[in-house]
Amino acid sequence: GAVVSQHPSWVICKSGTSVKIECRSLDFQATTMFWYRQFPKQSLMLMATSNEGSKATYEQGVEKDKFLINHASLTLSTLTVTSAHPEDSSFYICSAGGAGPAANEKLFFGSGTQLSVL
Amino acid sequence: TQLLEQSPQFLSIQEGENLTVYCNSSSVFSSLQWYRQEPGEGPVLLVTVVTGGEVKKLKRLTFQFGDARKDSSLHITAAQPGDTGLYLCAGAGGTSYGKLTFGQGTILTVHP
């Protein structure tokens, strides 16, 4: 089946630094990618929808200047947490889908990135 | 805002018992997906149900999509410790066009 690779799996950084997380679709072209945030023992919270070649669409309450999303190619989307603070510590997960209105109906998830900000 | 109510939130049972997890909404979904997630990993798709009234079986797991495509259930027969994990339902389509709506999740613990 399709594989989505997310890197790094975990990262520890100092407060005030920026962290970049990569999400790659390995064997298919993903025109749409989604970024989620998940707190322990809770469900996934959609942060933004990343569309190849255009600006990401952010969910209400998500700071676009804080969480920069770039989807420059059909196989790579990146999420950069800028000036990270301890409250940004969380598990971040990406998913990738195909094209069109049903893009989210067959999604493949990355393995997630555990971010810890000291 | 489209909501998908998942219950129960926590479930702790003994090996061999049966259980059912429910997802309910007032919105109609074009499809509904069930995922299982283990700590530190991404969700893994178990099944997608598309047709109202559809029933799908995956070994000891039975998934059902409501006739009106507003609700779904996951039934596990003779649960095993390996079934332990976070189960998530997610609806596609409906009023939140182009997005998946996730339920709150059910943390299942099966004790040996």
Side-chain angles (χ1 to χ4, degrees), chain A residues 1-11 21 23-25 31-51 56-62 90-116, chain B residues 1-12 21-23 25 28-51 54 65 69 72 84-109:
Chain A
V3 177
V4 173
S5 174
Q6 188 172 340
H7 179 81
S9 298
W10 57 270
V11 58
I21 303 170
C23 183
R24 294 180 184 272
S25 56
T31 54
T32 305
M33 289 186 175
F34 299 89
W35 287 96
Y36 297 85
R37 185 172 181 176
Q38 186 178 32
F39 292 105
K41 298 185 179 180
Q42 293 187 23
S43 188
L44 278 67
M45 181 180 71
L46 180 65
M47 297 176 66
T49 303
S50 172
N51 298 296
T57 303
Y58 290 82
E59 293 301 299
Q60 192 173 9
V62 178
S90 187
F91 193 58
Y92 293 88
I93 307 174
C94 70
S95 66
N104 67 348
E105 301 201 14
K106 193 161 189 175
L107 289 177
F108 303 96
F109 284 83
S111 55
T113 298
Q114 181 63 52
L115 170 63
S116 296
Chain B
T1 303
Q2 202 171 22
L3 294 175
L4 197 51
E5 298 289 335
Q6 185 173 345
S7 63
Q9 191 174 356
F10 300 95
L11 203 50
S12 180
V21 180
Y22 300 93
C23 271
S25 176
V28 176
F29 293 99
S30 58
S31 68
L32 199 137
Q33 301 168 12
W34 285 92
Y35 293 86
R36 179 170 171 268
Q37 185 183 20
E38 297 200 32
E41 298 181 10
V44 175
L45 179 66
L46 296 174
V47 79
T48 300
V49 285
V50 179
T51 306
E54 182 177 3
F65 201 14
R69 291 185 288 130
S72 181
T84 294
L86 173 65
Y87 289 81
L88 296 159
C89 63
T95 59
S96 295
Y97 190 74
K99 299 177 185 175
L100 271 182
T101 299
F102 277 89
Q104 298 95 326
T106 296
I107 297 175
L108 171 65
T109 304

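Keep in mind the model is a prediction, meaning the values are calculated, not measured.
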Take B:L86 and A:Q42, measure what side chain to side chain contact (heavy atoms under 4.5 Å, CB included) needs, and give me the verdict at the end. CA-CA 9 Å; B:L86 173 65; A:Q42 293 187 23; over 6 Å; no
Hey, is OH on A:Y58 packed in by over 12 heavy atoms from elsewhere, all under 6.0 Å? yes
Atom pair NZ/CD of A:K41 and B:Q9 - distance to nearest 0.5 Å: 10.5 Å
Taken in chain and number order and not counting sequence neighbours, the residues that satisfy ring pair (Phe, Tyr, Trp, His ring centres under 6.0 Å) with A:F109 are A:Y36, B:Y35
Looking at side-chain heavy atoms only, is the closest gap between B:L100 and A:L46 below 4.5 Å? no
Where the side chain of A:S43 meets the backbone of B:G103, is there a donor-acceptor pair that is under 3.5 Å apart? yes
Using non-hydrogen atoms only, which part of A:Q60 is less than 4.5 Å away from chain B: side chain, backbone, both, or neither? neither
If you tally heavy-atom pairs under 4.5 Å between each of A:Q38, A:Q114, A:Q6 and chain B, the highest tally belongs to A:Q38
Taking side chain as C-beta onward, heavy atoms only, is B:Q37 less than 4.5 Å from A:I93? yes
Contacts of A:S25 that satisfy side chain to side chain donor-acceptor pair (under 3.5 Å) - sequence neighbours left out: none
